Peer 1: 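Can you keep this structure in mind? I'll have questions shortly.
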Amino acid sequence: MSNKVRTRFAPSPTGYMHIGNLRTALYAYLFAKANDGDFILRIEDTDRNRYVPDAVDFINRTLAAAHIVPDEGPEIGGAFGPYVQSQRQEIYQKYADALIENGFAYRCFCSPDEGHTAASFSGYDRTCRDLSPAVIQQHLDAGDSFVIRQKMPLNGATTFHDMVHGNITIQNDELEDQVLIKRDGMPTYNFANVIDDHLMQVTHIIRGVEFITSTPKHVLLYQSFGWDPPAFVHLPPVMGKNEDGSVSKLSKRHGATSFAELVAMGYLPEAITNYVALLGWSPKSNQELFSMDEMAKVFALDGLSKSSAVFDYAKLNWFNSEYFKQMSDADFAQAALPFAGELTDELQVKWPYLAALLKPRINRYGEIADQIAFFRTLPEYSSELFSNKRNKVTPEVSAAILPAVCAALEPLADWTPDTINTALHGYIDGCGLKMGTVMWPLRIALSGQKVTPGGVTELLYLLGKEICLKRLQKGIAILANI
RNA sequence: GGCGCGUUGGUCAAGUGGUUAAGACACCGCCCUUUCACGGCGGCUUCAUGGGUCCGAAUCCCAUACGCGUCACCA
């Protein structure tokens, strides 16, 4: 049982889930599941200045929405708790003391404001590295506050293996005597993560590349304790495309950066995770549409890419529209309704019918309001809109067609797609014009735009007889001036 | 700046010494068609640059350039 795969997602509670973070969580989850392992959620809240109320709840809700379900964590518990770092303070203290005991760490009494920066090597100048026991005791007796620092080797190099990048070596003299326990008694990330990953028996650390350069410090810590380090998997960042064509780490100026924002824009969680999974990972096959279960079957580390990927809305749109097509009309209608804005009474009744027309035509729910705005208010338009080369329509031709269609529609007692269609076809068959030629001017007069959700029959039905006749008259009036 | 990592078309990418360098999105064109969409067909554009090694290099080596990361008592 000891070689069961265990991965973890260890966010700090900021109340925000960046796309890149979501992807990290997703990979850690998928890798665990692909290997019948466990996925752990751990909250890294050792920075008290950054604490955001309800952030843990937010993380739980986000993971749930994305169908990433932890096997262990603050809410579900598990054999290795607590899973919130601020509740593990004594544990870190104990291990830090052991390090001091064995000469791998030391108390540093320097004030953070004194500027103890070394000139010849990286970071802290190591003033307190070799204090005599007597001096240390003096400080302790005086009640001086201190931090605990890691005692880095002065020479040599540290090498570790990364499963996506291969072996990485860093000279030890590049390493600072980093702080392990802060003045407030809390551990730093670089310390807590080592202790917790070992104690929680994490086998694979999956995290962003930003941690790659501090990994040697972690490895040294594992060595000091005599522990075997877990496998390391460092993921490249998710980028955004700038106005000038350059790319940089996905941020606000690129639009949405969080899972929650994308959902608010009307993207389906399933589509987001599917797309994000493929941003930096590729399966052995050419399959692109994956359910979570399918991904959990085929996910493998060797499909991860080394280089960063640019977040592309065009591709996300495609994924989302594919997921829309898989939805039933009823489910879509229900889920889309909140995005429709205020509906006329007519449309409220006919919403399921309208929604079915919208489903194959939009990329995200957020596009709905714009698409259906013309139902409520006919946009201003000019007679030029009536021109369409493809269907051989001109404003003149339109001027002849509109009144005739009005006449054909007017007598209809029953206003259903069927009766409307029959009346329309009756007219078209009689007049000798092509269907497209007749439909074009109708669409323009009905909607004031070239592109509409649904065909003319559907528009007529949805608008209702009275409004249709009015809009057709309006079209005739506009055409009268040419 | 030091150190580390990266670089296949507009974007995601397959590829691990011999391929016509897959596939997807986007874009363009055609077909279908009651517009749009859907669907079908086709096209466009790529191995950052320069040196090696080799019969042969996107694949191996070395430089250069560019990009990203890191250098906190943040994670």
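To find a chain, count down the sequence lines: A is the first, B the second, and so on, and within it residues start at 1. This one's a predicted model, so the numbers in the text were calculated from it and none came from an experiment.
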Peer 1: If we count only N and O atoms by modelled type, under 3.5 Å, do the side chains of A:Y83 and A:D196 hold a donor and an acceptor together?
Peer 2: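 Side chains of A:Y83 and A:D196: no pair found under 3.5 Å.
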
Peer 1: Using atom C1' of each nucleotide, how far apart are B:A13 and B:U45 to the nearest Å?
Peer 2: 15 Å

Peer 1: Step through the shown structure and confirm whether more than 12 heavy atoms of other residues, nucleotides or ligands are within 6.0 Å of CG on A:D429.
Peer 2: yes

Peer 1: Rounding to an integer number of Å, can you tell me how far A:M439 CE sits from B:U34 P?
Peer 2: 8 Å

Peer 1: Find out whether the Lys NZ or Arg CZ of A:K350 is both under 6.0 angstrom from the six-membered ring centre of A:Y461 and within 45° of the ring's axis.
Peer 2: yes

Peer 1: Name the one of A:R149, A:K151, A:R126 that satisfies side chain to side chain donor-acceptor pair (under 3.5 Å) with A:D177?
Peer 2: A:R126

Peer 1: So does A:K297 pair up with A:E294, basic N to acidic O under 4.0 Å?
Peer 2: no

Peer 1: N/O contacts under 3.5 Å, protein versus nucleotides 36-43 of chain B?
Peer 2:
unit_1, atom_1, unit_2, atom_2, d
B:C36, O2, A:R361, NH1, 2.6
B:C36, O2, A:T452, O, 3.4
B:C36, N3, A:R361, NH1, 2.5
B:A37, O2', A:P360, O, 2.5

Peer 1: Salt-bridged, A:E44 to A:R42, with N to O below 4.0 Å?
Peer 2: yes

Peer 1: Does a salt bridge link A:K284 with A:D302, judged by any charged N lying under 4.0 Å from a carboxylate O?
Peer 2: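 Salt bridge present between A:K284 and A:D302.
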
Peer 1: Just the rounded figure in Å: distance from C1' of B:C73 to CG of A:D47.
Peer 2: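 Going from CG in A:D47 over to C1' in B:C73 covers 10 Å.
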
Peer 1: Report the secondary structure of RNA chain B in dot-bracket form, marking unpaired bases with a dot and bases paired to a different strand with |, and treating Watson-Crick or G-U pairs with both distances under 3.5 Å as paired.
Peer 2: ((((((((.[[[..)..(....]]].(((((.......)))))....[[[[[..)....]]]]])))))))....

Peer 1: May I have the distance from A:L180 (atom CG) to B:A75 (atom C1'), rounded to whole angstrom?
Peer 2: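 Whole-Å distance recorded here is 15 Å.
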
Peer 1: Quick one: sort the A:F232 and A:H234 rings into parallel, tilted or perpendicular, breaks at 30° and 60°.
Peer 2: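 Ring orientation of A:F232 relative to A:H234: parallel.
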
Peer 1: Can you tell me, in whole Å, how much space there is between the P of B:G10 and that of B:G69?
Peer 2: 23 Å

Peer 1: Using whole Å, report how far NE2 of A:H18 lies from C1' of B:A75.
Peer 2: 14 Å

Peer 1: Write down the distance separating the P atoms in B:C60 and B:C68, rounded off to the nearest Å.
Peer 2: 25 Å

Peer 1: Rounded to the nearest Å, what distance is computed from the CG atom of residue A:L175 to the C1' atom of nucleotide B:A72?
Peer 2: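 Atom-to-atom, A:L175 to B:A72, this comes out as 15 Å.
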
Peer 1: Of the non-hydrogen atoms in A:P153 and A:N172, which two are nearest, and what is the gap between them?
Peer 2: O-CB, 3.5 Å

Peer 1: Mind checking if A:S111 touches a base, just sugar-phosphate, or nothing, with heavy atoms under 4.0 Å?
Peer 2: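 Here A:S111 touches the bases of the nucleic acid.
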
Peer 1: Rounded to the nearest angstrom, tell me the gap between atom NZ in A:K392 and atom P in B:U34.
Peer 2: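 My rounded result for the distance is 14 Å.
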
Peer 1: Pick the C1' atom in B:U64 and in B:A75, then give their distance to the nearest Å.
Peer 2: 35 Å

Peer 1: For the residue pair A:F339 and A:Y365, categorise the inter-ring angle as parallel (less than 30°), tilted (30 to 60°) or perpendicular (more than 60°).
Peer 2: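 A:F339 and A:Y365: parallel rings.
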
Peer 1: Does A:K315 pair with A:D312 as a salt bridge, N-O distance under 4.0 Å?
Peer 2: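 So A:K315 does not pair with A:D312 through a salt bridge.
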
Peer 1: If you find the nucleotide of RNA chain B closest to A:L316 and the one closest to A:M435, which residue's nucleotide is nearer the 5' end?
Peer 2: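 Final value for this comparison: A:L316.
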
Peer 1: Determine the interatomic distance between C1' on B:C28 and the same-named atom on B:G9; round to the nearest Å.
Peer 2: 15 Å

Peer 1: On a whole-Å scale, what distance lies between the P atoms belonging to B:U8 and B:A48?
Peer 2: 6 Å

Peer 1: Roughly how many Å is it from CG in A:N317 to P in B:C27, rounded to a whole number?
Peer 2: 10 Å

Peer 1: Classify the side chain of A:S214 versus the base of B:U70 as yes if they form a donor-acceptor pair under 3.5 Å and no if they do not.
Peer 2: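 It does not, because no donor-acceptor pair links the side chain of A:S214 to the base of B:U70 below 3.5 Å.
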
Peer 1: So what does A:T46 touch, heavy atoms closer than 4.0 Å: a base, only the sugar-phosphate, or nothing?
Peer 2: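 Sugar-phosphate only.
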
Peer 1: Could you pick out which residue, A:R50 or A:N421, lies toward the 5' side of RNA chain B when each is mapped onto its nearest nucleotide?
Peer 2: A:N421

Peer 1: Under 3.5 Å, which protein N or O atoms sit close to an N or O of nucleotides 2-12 of chain B? Give each pair with its distance.
Peer 2:
unit_1, atom_1, unit_2, atom_2, d
B:C5, O2', A:H165, NE2, 3.3
B:G10, O2', A:K241, NZ, 3.0
B:C12, OP1, A:V310, N, 3.0
B:C12, O2', A:L278, O, 3.1

Peer 1: Using atom P in both nucleotides, what's the gap between B:G6 and B:A14 to the nearest angstrom?
Peer 2: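 Rounded to whole Å, the distance is 15 Å.
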
Peer 1: Could you tell me how far B:A63 sits from B:A21 if I compare only their P atoms? Round to whole Å.
Peer 2: 30 Å

Peer 1: Give me the ring orientation class for A:W281 and A:F299: parallel if the planes are under 30° apart, tilted from 30 to 60°, perpendicular past 60°.
Peer 2: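 The arrangement is tilted - the two ring planes meet at 30° to 60°.
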
Peer 1: Please name the pair of heavy atoms, one in A:G20 and one in A:H18, separated by the smallest distance, quoted to 0.1 Å.
Peer 2: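 Taking A:G20 first and A:H18 second, the nearest heavy atoms are N-CD2, 2.9 Å.
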
Peer 1: How many Å lie between CD on A:Q371 and P on B:U35, as a whole number?
Peer 2: 16 Å

